[in-house]
Each structure stands twice: as structure tokens, then as C-alpha cells.
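In what follows, a structure is listed as C-alpha cells, so that the remarks can point back to it.
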Amino acid sequence: MGELGFLGLDKPEEYGGQGGDYYTSLVLAEEMANSHSGGLAMGVAVQTDMTIPPILAFGTEEQKQQWAAPAIRGEKILCLGITEPDAGSDVAAIKTRAVRDGDEYVINGSKTFITNGHRAHGIVLVTKTDPEAGYDGFTLFLVPMDLPGVIREKKLEKLGMHASDTALLAFQDVRVPASAVLGQIGKGFYHIMCELQGERLIGAAASVAGAQQVFDRTLGYAKERTAFGRPIGSFQVTRHKFAEMATKIETARQLVYTTAWRFENGEYPVREITMAKLHAARIAVEVADECIQIHGGNGYMKEYGIERTWRDLRLNRIGAGTDEIMLDVIGRSYGL
Ligand SMILES: Cc1cc2nc3c(=O)[nH]c(=O)nc-3n(C[C@H](O)[C@H](O)[C@H](O)COP(=O)(O)OP(=O)(O)OC[C@H]3O[C@@H](n4cnc5c(N)ncnc54)[C@H](O)[C@@H]3O)c2cc1C
């Protein structure tokens, strides 16, 4: 994908990208659904929409050359380390510490559920540099994964997304130079919240695309499969199921596109990004579930791949912030 330019569609040409606008990234997310492999799509999205963007946004020129450019070329794989065994939704509760020691920082802690964690060459790591400073005590680091003390503990087993590796990582006295700080010292929380907006919007686009994919496959099935002497799609109840699903998909798509347009034009519409992520993830799971039903027993069989899509899409209501956290962000945006 790097050789074909797919990892840098919306990235600046000076770092090997194609220089496209934000929509090109949406096109990639949508087309990846055609692989029928949510795990592959997620691994790629971590690279293109979760790790390269913060390096380009907050990194030094040297960091961009060292990490972003080879990541765009597909020569280096990146991962993002926010979640810890005791802190997921509550990002502010992370415990991974980075302590200054002369010209270096010493990092200790652990991260879990890290996509690409077993294959990655480098990690965008969220740490606390000043635990007393609240939201101003976080700092991001760019840490090579082959440093002494970086331990890839366990390859975690999952419900779906099997093509993507998910790691439990430990950091034991990992020494990095001060030049490994990504962005401003003490501003890591704000940097990562900014990163999360792009992650959620692309996740929303992927949910819509996944829903459309499984809808299309099921539509074909409903036209061919017969029961009681007629195609199952010709039963009014089935026809209405497709009408309901199509309406859900279209509302989610319109919300994603409108929000993406605002994002591309320099706005920072956190509320609508959050709504798009929530809505798209929910309807995608509803659609995939209904498609299993329309397939009957075949929907439950691996051969048809519908159950796989359901398992893959199910993550979208959890990853990048759960439904409940999305609802809270939206509710709080009204001053509640
Ligand atoms: C396959 C997979 C890949 C992932 N990839 C990455 C990755 O690459 N990098 C990374 O850093 N993380 C990654 N994650 C982690 C993911 O972002 C977290 O799982 C997610 O944010 C939820 O955190 P948690 O699992 O700790 O759940 P918890 O925070 O423990 O939440 C458990 C439940 O409590 C609810 N809850 C928590 N707080 C509240 C609240 N305030 N109000 C109401 N309800 C609440 C949640 O909604 C949820 O239902 C991945 C997760 C998975 C499953």
C-alpha cells in the first residue's frame, strides 16, 4: 500500500504523500471495506489516521522525516498507545510515567489493546510527566519499539478483527532522548484529544462503509434465495428491513460527509464528530445483525462471511471511545 501511495493520500507531498484533501482519506476507509477484513482496515487506519497525523501536526522536522515519511512509504509501521489495563475510557487515569533524567526520559508503565503493537516499529505513547498537574501533566513520546525495556507481552485474542494484531505492552526503564518528546511537554492530553477527533471521524466512515458492504451482499442474497416459492426479498417484511437499513446507512453517511466537509474546511466540530462516530457505529452493528437474520442459518455460518462482518463491526461501539463516552461528550457539549 505504501508503494501504491495509499498510506499518504491526504498527506503532504514533501513527506511522500499524495497531497490530497481529507476526502481522499475517507475514500480509502470506504474502499477498505471491500477487503471484507475489518482487521486489515483497522491496522491501516491506525497508520494513516491515528499515528501519522499527530506526528505531522505536532512533530519536529526530524521526527516527520524519521517516522512520518517512512510510515507513508510503508517502510515503518506505527501504533498508538493510550489505553492501559486500568485506564481506558478514563484517559486521564493512565499511570505510565516518563521521568526526566539528564538529557533523557525514563519510561515505565504498560499499555493494552494496542493495535499493530506486535508489528510496529514505533509507538506514539501517551505518558504522564507530571502527575500533579492534572490535564497539563501529560506528554507524548515517539518510542522505537526495539529499545531495551519495550516488551511485547501478549498477542491478545479477540471476538473479531483477527487480521489485526492487538498487544499488551510493557515499558520497563525505557530510556529515550529528550528529542523523543512529540509536541509540547505537558500538552499530551490536548494533543491526543485532537488526534481522537480524526480517529473517530474515520472510524465513522469505516462503519458506514462496512454497513453498506454487508447490506449489498445481503441484498444479492435476498434476491436469489427462495422460500415458499419466491425470493425472500419479495416478502414485505424483508423488503421493509432493507428499507430501514438503507435509511439508517444513508443518515449516517450524510452525517459523516457533512462533518468531514466541516473538518476539511478548518472547523473543529467535536460534537458532530462524536455524533457521527456514535450513530455510524450503532447503525453498522444493527445492519450487520439484521443481515445475519436475513441470511437465516447461512448468516450464522462462516462460509458466508456475514457473521465475520458483524464481529468486526461490533468493535466500533467500543474502540476510539465507547457509545457511552460518545453520549457523554455530546451531552456535555450542551453544558450539562
Ligand atoms: C480491538 C481493540 C483495539 C484497540 N486498539 C487500541 C489502540 O490501538 N490504542 C489504544 O490506546 N487503545 C486501543 N483500544 C482500546 C479502546 O479504545 C478502549 O477499549 C475503549 O476506549 C474503552 O476502554 P476500556 O476497554 O478500558 O473500557 P472501560 O473504560 O473500562 O469501560 C467499560 C464500560 O464502562 C463504561 N463507562 C466507562 N466510563 C463511563 C462513564 N463515564 N459513563 C458511562 N459509562 C462509562 C464504558 O462505556 C464501557 O461500557 C482498542 C480496543 C480494542 C477492543
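Scope of the values below: all heavy atoms of this structure, side chains included, with no hydrogens, waters or symmetry mates. In listed order, ligands and their atoms are each counted from 1.
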Just to confirm, does any protein heavy atom lie below 4.0 Å from [atom]?
{"atom": "atom 30 (O) of ligand 1", "answer": "no"}
{"atom": "atom 35 (C) of ligand 1", "answer": "no"}
{"atom": "atom 8 (O) of ligand 1", "answer": "yes"}

Expected list for residues 292-303: side-chain donor-acceptor pairs under 3.5 angstrom, two or more places apart:
unit_1, atom_1, unit_2, atom_2, d
H295, ND1, C291, O, 2.9
N298, ND2, Y221, OH, 2.8
N298, ND2, Y304, OH, 3.4

Task: Chi angles and distances behind the side-chain hydrogen bond (donor to acceptor under 3.5 Å, both in side chains) call for S37, R308 - done: CA-CA 8 Å; S37 173; R308 174 179 179 171; 3.3 Å; yes
Task: Which of the ligand 1 atoms, numbered from 1, are nearer than 4.0 Å to a heavy atom of K158 - done: 1 (C)
- [ ] Run the numbers for me: atoms of ligand 1, each under 4.0 Å from some heavy atom of T322, listed by number.
- [x] 22 (C), 46 (C), 47 (O)
Could an N or O of ligand 1 be found under 3.5 Å from any N or O of [X], whether backbone or side chain?
{"X": "M42", "answer": "no"}
{"X": "L80", "answer": "yes"}
{"X": "T166", "answer": "no"}

Open item on the list: Can you give me the closest heavy-atom contact between L125 and V143, atom names plus distance?
Closed with: CD2-CG2, 4.0 Å
Task: Contact check, side chains of M245 and F242, non-hydrogen atoms, under 4.5 Å - done: yes
Could you work out, for [atom], the closest of [options] by heavy-atom distance?
{"atom": "atom 11 (O) of ligand 1", "options": "I82, L159, L156, L169", "result": "I82"}
{"atom": "atom 23 (O) of ligand 1", "options": "G81, S89, G43", "result": "S89"}
{"atom": "atom 44 (N) of ligand 1", "options": "M326, E324, M161, R314", "result": "E324"}
{"atom": "atom 41 (N) of ligand 1", "options": "I325, V126, D90", "result": "I325"}

Quick one: look up the protein heavy atom nearest [atom] and list residue, atom name and how far away it is.
{"atom": "atom 3 (C) of ligand 1", "value": "T115 OG1, 3.3 Å"}
{"atom": "atom 24 (P) of ligand 1", "value": "G88 CA, 3.9 Å"}
{"atom": "atom 13 (C) of ligand 1", "value": "F113 O, 3.2 Å"}
{"atom": "atom 16 (C) of ligand 1", "value": "T83 OG1, 3.9 Å"}

[X] touching ligand 1 at heavy-atom level, < 4.0 angstrom:
{"X": "I114", "answer": "yes"}
{"X": "A320", "answer": "yes"}
{"X": "I318", "answer": "yes"}

Open item on the list: Rounded to the nearest 0.5 Å, what separates atom CD in E286 from atom CD in E290?
Closed with: 9.5 Å
Side-chain ion pair, [X] and [Y], N-O less than 4.0 Å:
{"X": "E272", "Y": "R262", "answer": "yes"}
{"X": "K241", "Y": "E244", "answer": "no"}
{"X": "K155", "Y": "D165", "answer": "no"}
{"X": "E307", "Y": "R311", "answer": "yes"}

Please list every donor-acceptor pair under 3.5 Å in which a side-chain atom of residues 3-17 meets a protein atom from a residue at least two apart or in another chain.
unit_1, atom_1, unit_2, atom_2, d
K11, NZ, T48, O, 2.8
Y15, OH, E61, OE1, 2.7
Y15, OH, E61, OE2, 3.3

Open item on the list: In terms of relative ring orientation, are F58 and H191 parallel, tilted or perpendicular, with 30° and 60° separating the classes?
Closed with: parallel
Task: Same apolar cluster (I L V M F W Y, side chains within < 4.5 Å links), V27/L201 - done: no
Task: Which segment of L315 sits under 4.0 Å of ligand 1 when only heavy atoms are counted - done: side chain
